[in-house]
Amino acid sequence: MATIELFNTLGGKTEPLTPVGGPALRMYCCGPTVYDYGHIGNFRTFLHVDVLRRFVRQQGIPVNHVMNITDVDDKIIRNAAAAGVPIAQYTARYERAFFEDLDALNIEHPEHFSRATGCIPEMVTLIEKLAAKDIAYKTEDGSWYFRIARFPEYGKLSKKDFDGIEDGARVDVDEYEKDAARDFALWKAVKPGEQSWDTPLGTGRPGWHIECSAMATKLLGDDIDLHAGGEDLMFPHHENEIAQSESASGNPFVRHWMHVRFLLVEGRKMSKSEGNFYTLRDLLLKGYRASAIRFLLISVPYRNQMNFTFDSLTESTNAVDRLRTFHQRMLKDGFAEGLNADIAAATAKAEQDYTAALANDLNTAEARAAIFDLVRAANSAADAGSLRAENATQILRVLALFDGVFAVLEDRDAAITRAALAWAEVEGRIDEAAPELVATLSFSDADIDALVAERTQAKKTRNFARADAIRNDLLAKGILIEDSKDGVRWKRK
RNA sequence: GCACCGGUGGCGAAGUGGCUAACGCGCUGGUCUGCAAAACCAGUAUUCAUGGGUUCAAAUCCCAUUCGGUGCUCCA
């Protein structure tokens, strides 16, 4: 059992991650705003949180993980109005898509999901608590704001010093009623035509930051072990959560803060205007596999800026293939009884290195390297005929450990891609799908098996021309045939 | 503009003061194969953006320049 060291934004250094209030690690992760399909940047964050929760559990610590679903905010209101539908109807579709995407990427579901619109009473109670202390105040239009002057520690997470900010500076013309420029909205007064809730605070809707404070406290208490999110959320979102929660409870809100760095795409910031903005679905339609996308996004440690490129996506596809091929090889019977001591040592070292790497601030790159070291050593021994049955058993156990976090060995890719194609069909976006993808998937496994059998028959009669024709034909449709000592296998490229 | 983070082989990417600079992919040659594929072996950065400095010793520390990113404003 390793002690997990994790960088804590609050202290600015790596600290042991340990549950305090009970056996389980109580963690909260800022979830999606369901106004559009999730992009690979969103999923880099969710994937690294998945790596964390999987590894924590692997180390014997149960987790109680909460993720919010923001289903009311400015963008949602704007987009729903543009589409002419109620916001609940608008968000339902993207929420469903989000869950499908989580499953495609093999991201474990948190123990609790919580919708913002399902926790309005809790938010109201929290704001009332702040109002009773005169930390929340109401403006003439009926909105409520948080009085930052009453929270001297403001800025402690993002290490910002706001002394230079003039109290009462008028910077935002829309919010001229605030007492101070930095004061942020807790509750927004209703505007004509907008979705609103009638509450003791007045008629309106919640501000953005209050939902996380209310939901985290409701489900995990007011003293949480870990809170995670993308680096951009550090300020102002998380800073505001701290201010609200700690002002209300009087004690530290969260012990450990984890922030995942942004990624670049082809060396540039990902943005729609750069033309390098990709949702998960965009990539699936281009023919990239869900497993390769997962593997790539978690291969670079979460605190490093990663450069997402299509070359590296191909690299990941091949790397995952190699792991799967190796896994199949170890599953095959036929190794002689006994144990090769050198390989046993290499296996033990791989397990040690893997665990040490992840325990060291989730160094996924080194954990990956540890497993590939084992793959090479074991393949080499297997080629030389010196790998024994007991080695295979041990190696499979270490592979299972590795896959408990990386989660790419099971091949669900074709099914996921089929689902994406079906979705594209419904959405009228099937023309975006790579043509060879459609061709490959139009072949059923049974079709392929039949052709492979025909080729094997042709080979037996030494009709190599026919055998090669079948192989080339399938290859052109993205299906690769491999002959091995143990028989023929095929896979979709 | 101010603050912070980073620039490591063809590509992705570990390593942050001291053994031959991990690992993956790619490429070249070899083994195996009817031919391939898979797998293995060998080769593929005397060097870590550039220039200076500190040190017995630097990719790792310091300064400058340059490029990329983030925050200061909605954003994973």
Side-chain angles (χ1 to χ4, degrees), chain A residues 12 29-33 35-36 38-49 73-75 78 155 158-162 164-165 171-172 182 208 228-237 239 259-264 266-272 295-297 299-326 328-329 353 357 360 363-384 459 462-465 467-468 471-472 475 480-486 488-491 493:
Chain A
C29 172
C30 287
T33 301
Y35 72 102
D36 203 348
H39 58 70
I40 55 177
N42 298 123
F43 289 115
R44 164 142 139 115
T45 298
F46 299 136
L47 277 163
H48 277 286
V49 173
D73 91 320
D74 293 346
K75 285 188 292 283
R78 185 194 65 208
S158 50
K159 315 284 184 289
K160 288 181 188 300
D161 183 0
F162 294 104
I165 304 293
V171 290
D172 189 331
R182 293 259 167 208
W208 172 34
E231 64 171 324
D232 57 307
L233 296 183
M234 201 162 82
F235 183 88
H237 184 55
E239 204 73 72
H259 291 99
V260 180
R261 268 200 96 172
F262 271 24
L263 51 69
L264 305 181
E266 301 290 350
R268 307 291 313 169
K269 172 165 63 168
M270 180 170 78
S271 75
K272 287 179 180 168
F295 199 60
L296 175 59
L297 288 174
S299 284
V300 178
Y302 75 97
R303 282 208 295 143
N304 295 5
Q305 187 169 65
M306 82 163 288
N307 186 11
F308 184 99
T309 66
F310 286 98
D311 283 349
S312 58
L313 200 44
T314 302
E315 177 266 320
S316 282
T317 307
N318 295 340
V320 169
D321 261 346
R322 185 168 176 208
L323 290 172
R324 286 178 177 170
T325 302
F326 175 70
Q328 293 304 316
R329 188 176 195 184
D353 290 351
N360 179 20
N363 193 330
T364 45
E366 291 205 325
R368 211 186 105 139
I371 295 306
F372 278 106
D373 281 338
L374 176 62
V375 169
R376 190 170 0 86
N379 267 327
S380 190
D383 275 7
K459 277 177 64 184
R462 301 194 66 79
N463 182 357
F464 293 122
D468 288 352
R471 185 174 64 194
N472 292 335
L475 189 61
L480 184 72
I481 293 184
E482 295 172 1
D483 296 330
S484 77
K485 280 181 219 127
D486 314 306
V488 186
R489 59 172 178 252
W490 60 264
K491 61 189 178 192
K493 279 178 73 183

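Here is the naming used below: chain letters follow the sequence lines, and residue numbers restart at 1 for every chain. Quick caveat: nothing in here was measured; it's all calculated off a predicted structure.
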Using the 3.5 Å cut-off, write out each protein N or O paired with an N or O of nucleotides 5-8 of chain B and the distance between them.
{"from": "B:C5", "atom 1": "O2'", "to": "A:Arg261", "atom 2": "NH1", "distance (Å)": "2.9"}

Sequence-distant partners of [X], ring-ring contact (aromatic ring centres under 6.0 Å, His included), two or more places apart:
X        : result
A:His48  : none
A:Phe310 : A:Tyr278, A:Tyr288
A:Phe46  : A:Phe98
A:Phe295 : A:Phe406

With [X], which residues qualify under side-chain hydrogen bond (donor to acceptor under 3.5 Å, both in side chains), at least two apart?
X        : result
A:Asp383 : A:Arg329
A:Asp232 : none
A:Thr317 : none
A:Thr325 : none

**Message:** I'd like to check the salt bridge (Lys or Arg N to Asp or Glu O under 4.0 Å) partners of A:Lys269; sequence neighbours left out, ordered by chain and number.
**Reply:** none
**Request:** Look at all strands and tell whether A:Ser484 reaches a base, only sugar-phosphate, or nothing, counting heavy atoms closer than 4.0 Å.
**Result:** nothing
**Complete:** Each base of RNA chain B marked ( ) or [ ] if paired in-strand (Watson-Crick or G-U under 3.5 Å), | if paired to another strand and . if unpaired gives ((((((((.[[[..)..(....]]]((((((.......))))))....[[[[[..)....]]]]])))))))....
Just the atom pairs and distances: protein N or O near nucleotides 31-35 of chain B's N or O, under 3.5 Å.
{"from": "B:G34", "atom 1": "N1", "to": "A:Asp468", "atom 2": "OD1", "distance (Å)": "3.1"}
{"from": "B:G34", "atom 1": "N2", "to": "A:Asp468", "atom 2": "OD2", "distance (Å)": "2.6"}
{"from": "B:C35", "atom 1": "O2", "to": "A:Arg471", "atom 2": "NH2", "distance (Å)": "2.5"}
{"from": "B:C35", "atom 1": "N3", "to": "A:Arg471", "atom 2": "NH1", "distance (Å)": "2.9"}
{"from": "B:C35", "atom 1": "N3", "to": "A:Arg471", "atom 2": "NH2", "distance (Å)": "3.4"}
{"from": "B:C35", "atom 1": "N4", "to": "A:Asp483", "atom 2": "OD2", "distance (Å)": "3.4"}

**Rounded distance (Å) that lies between atom P of B:C72 and atom NE2 of A:His237** = 13 Å
**Request:** On RNA chain B, check which nucleotide each of A:Glu231 and A:Ala377 is closest to and give me the residue with the more 5' one.
**Result:** A:Ala377
